[in-house]
Amino acid sequence: MRHFVIVGILVLVMTILTYVGLDAAGIARQMHPVAASAQAESIDSLWNLEIIAISFLFALIVVPMVYSLVVFRRKKGDTTDAEHMEGNTTLEIGWTVGPLIMVVVFAYLGAYSLGEVRREDPNAFVINVTARQFAWTFEYPEYGIVSDVLYLPVNKQVLLKMESPDVIHSFWVPEFRVKQDIVPGRVTEYRITPSLEGEYKVRCAELCGTSHAFMENTVIVTSQVNYDAWVAEQSELAALAGQSPEGQGQILAVQNGCIGCHSIDGTPLTGPTWFGLYESQRQFESGGGVTADDAYITESILDPLAKIVAGYPPVMPPYDLTDEQIANLIAYIKTLK
């Protein structure tokens, strides 16, 4: 009995030391970014419990083994055989029932956490999300707004209905914890209740192509007052933009995710910037060049692989736009100088 008591105490001490060590190494709690959603709380709690269980199982294996090697080692001059043991019903029942109980408990906790993550708020509002190589587009159908920034009010659940026209993507804001794949041909849903105001990044967590690493957009969580002001401002801008070809071209650029790859301020992205593009000289990978006029831009939209600009990967898919839409896009590009 004395050995069991000692080993039990050592297992408890080793469990605590292991958990503290894992936490100090950033594996238990410190590895998480700030929790910024109501769903993050149950996920973080479940993860922490799993780390505690892992620490206990590690101690339960290592401590008895090391204790036996030290305390029950062969003494000097002892040439007798060790005691022969054949079966231990109590021990066998213990190591069968104990892990079974642990598995059942964690299955219940996992199911409870999943229920919390998927809990529906009847007052949740909808945002349509399009993920494409290599940008995110957010449409607010209630207000007729399309944006490349995901703007959310704090403490209000939102239902994201997400689609992809090309390959599999995955919506991931680390601060929200929840991650959801987006599969072409399906509408996948993602519910989140932001709980902390701030600016975050939505990233694609599914390798989706050569510029996958650049597929990230801004997420802003703000107060209801600021959110309402942003909606009013965007609605007014959308109404004004729709009255001119340049404005309609700007809306098209956001709707189709163009500005996810082509910056409008000269910033290097996956594709050439649109800033100062019109009537500039383009040099191609195959040699030669051309002036970026209407004909060249139209060809680049309809058949982007016909001429690859030097220094950029051939990753842009063709876009099926009408002549009027292309003319509007060109009108918008002409203003970027």
Q: Could you walk me through whether T15 and L17 pass the side-chain contact (heavy atoms from CB on, under 4.5 Å) test, one step at a time?
A: CA-CA 6 Å; T15 299; L17 292 177; over 6 Å; no
Q: Could you walk me through whether W230 and I220 pass the side-chain contact (heavy atoms from CB on, under 4.5 Å) test, one step at a time?
A: CA-CA 11 Å; W230 178 82; I220 294 178; over 6 Å; no
Q.
Evaluate H262 against F275 for ring pair (Phe, Tyr, Trp, His ring centres under 6.0 Å), listing each step before the verdict.
A. CA-CA 9 Å; H262 302 283; F275 183 78; over 10 Å; no
(Q) Run the side-chain hydrogen bond (donor to acceptor under 3.5 Å, both in side chains) test on Y140 and N128 for me, step by step, so that the C-alpha distance in whole Å, both residues' side-chain angles and the decisive distance to 0.1 Å come before the verdict. (A) CA-CA 7 Å; Y140 296 71; N128 297 324; over 6 Å; no
**Q.** Chi angles and distances behind the side-chain contact (heavy atoms from CB on, under 4.5 Å) call for V103, I101
**A.** CA-CA 5 Å; V103 169; I101 293 174; over 6 Å; no
Q: For the pair N217 and Y200, evaluate side-chain hydrogen bond (donor to acceptor under 3.5 Å, both in side chains) and give the outcome as yes or no after the intermediate values.
A: CA-CA 9 Å; N217 285 51; Y200 312 103; over 6 Å; no
Q: Go through the steps for I145 and S235 under the test side-chain contact (heavy atoms from CB on, under 4.5 Å), then give the verdict.
A: CA-CA 6 Å; I145 298 172; S235 298; 3.6 Å; yes
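With 3.5 Å as the limit, one finds a donor-acceptor pair spanning the side chains of Q281 and T291. Side-chain atoms of Q157 and R191 include a donor-acceptor pair closer than 3.5 Å. Counting only N and O atoms by type, the side chains of D166 and H169 include a donor and acceptor under 3.5 Å apart. Side-chain atoms of S195 and S37 form no donor-acceptor pair, as typed in the model, at a separation below 3.5 Å.
Between the S45 side chain and the E41 main chain, a donor and an acceptor come within less than 3.5 Å of each other. Judged by distance alone, the side chain of Q133 and the main-chain N or O of C208 form a donor-acceptor pair under 3.5 Å. Here the side chain of E285 pairs a donor or acceptor atom with the backbone of G311 at under 3.5 angstrom. Of the possible polar contacts, one joining the R73 side chain to the V70 backbone as a donor-acceptor pair under 3.5 Å is found. Side-chain N or O atoms of S280 include one that pairs as donor or acceptor with a backbone N or O of L277 at under 3.5 Å.
The minimum heavy-atom distance between V63 and L10, with the atom names listed, is CG1-CB, 3.6 Å. Taking each heavy atom of D148 and F138 in turn, the nearest pair found is O-CE1, 3.7 Å. Of all heavy-atom pairs between H212 and C204, the closest is CE1-O, 2.8 Å. The nearest pair of heavy atoms linking K156 to P194 is O-CD, 3.5 Å. The two residues V34 and R177 make their nearest non-hydrogen contact at O-NH1, 3.6 Å. Residues A131 and P165 share a closest heavy-atom pair of O-CD, 3.1 Å.
With hydrophobic clusters built from ILVMFWY side chains whose heavy atoms lie under 4.5 angstrom apart, V187 does not share a cluster with I127. Follow the hydrophobic side-chain contacts under 4.5 Å out from Y296 and you reach L302 in the same cluster. Taking hydrophobic clusters as Ile, Leu, Val, Met, Phe, Trp and Tyr residues chained together by side-chain heavy-atom distances below 4.5 Å, L91 does not share a cluster with V11. Both V97 and L57 sit in one connected hydrophobic cluster of ILVMFWY residues. Membership requires side-chain heavy atoms under 4.5 Å apart, directly or through other members. Under the 4.5 Å side-chain contact rule for hydrophobic residues, Y319 and V167 do not share a cluster.
Residues R203 and P174 have side chains in contact (heavy-atom distance under 4.5 Å, counting atoms from C-beta outward). For the pair V202/W136, a side-chain contact is recorded, criterion being any heavy-atom separation below 4.5 Å from C-beta on. Between T222 and V154, every side-chain heavy-atom pair lies at or beyond the 4.5 Å cut-off. Contact of the M162 side chain with the T130 side chain is not registered, since no non-hydrogen atoms from C-beta on lie closer than 4.5 Å. Side-chain contact check for I301 versus L321: some heavy-atom pair is nearer than 4.5 Å. Between M316 and S300 there is no side-chain heavy-atom pair separated by less than 4.5 Å. The closest side-chain heavy-atom distance from L160 to V158 is below 4.5 Å. With a 4.5 Å cut-off on side-chain heavy atoms, Y278 and D294 count as touching.
The aromatic rings of H3 and Y67 sit perpendicular, their planes meeting at an angle over 60°, well past the 30° parallel limit.
Within the 6.0 Å centre-distance limit, the rings of F171 and Y190 are counted as a close aromatic pair.
Annotation for K201: atom NZ counts as buried by contact number, over 12 foreign heavy atoms lying within 6.0 Å. Crowding of Q224 atom CD: a count of heavy atoms from other residues, nucleotides or ligands under 6.0 Å exceeding 12. For N88, the CG atom is densely surrounded, since the number of other residues' heavy atoms within 6.0 Å is greater than 12. Around CZ of F72, the count of heavy atoms belonging to other residues, nucleotides or ligands within 6.0 Å exceeds 12. In the displayed structure, D323 atom CG is contacted under 6.0 Å by at most 12 heavy atoms of other residues, nucleotides or ligands. In the displayed structure, K161 atom NZ is contacted under 6.0 Å by at most 12 heavy atoms of other residues, nucleotides or ligands. The local environment of CZ in F214 is sparse, with at most 12 non-hydrogen atoms from other residues, nucleotides or ligands closer than 6.0 Å. With a 6.0 Å radius and a threshold of 12 heavy atoms from other residues, nucleotides or ligands, W172 has its CH2 atom at or below the threshold.
In this structure, CZ on R132 lies 5.5 Å from CG on N256, to the nearest 0.5 angstrom. Note that the CG atom of N328 and the CD1 atom of I333 stand 11.0 Å from one another [nearest 0.5 Å]. Residue D265 holds its CG atom at 6.5 Å from OG1 of T273, rounded to the nearest 0.5 Å. To the nearest 0.5 Å, the span separating CD on E233 from CG on D228 amounts to 13.0 Å. Atom CG of L159 is separated from atom CD1 of I192 by 11.5 Å, given to the nearest 0.5 angstrom. From Y332, atom OH reaches atom SG of C258 across 9.5 Å, with rounding to the nearest 0.5 Å.
Partners of E92 by salt bridge (charged side-chain N to carboxylate O under 4.0 Å, His left out), not counting sequence neighbours: none found.
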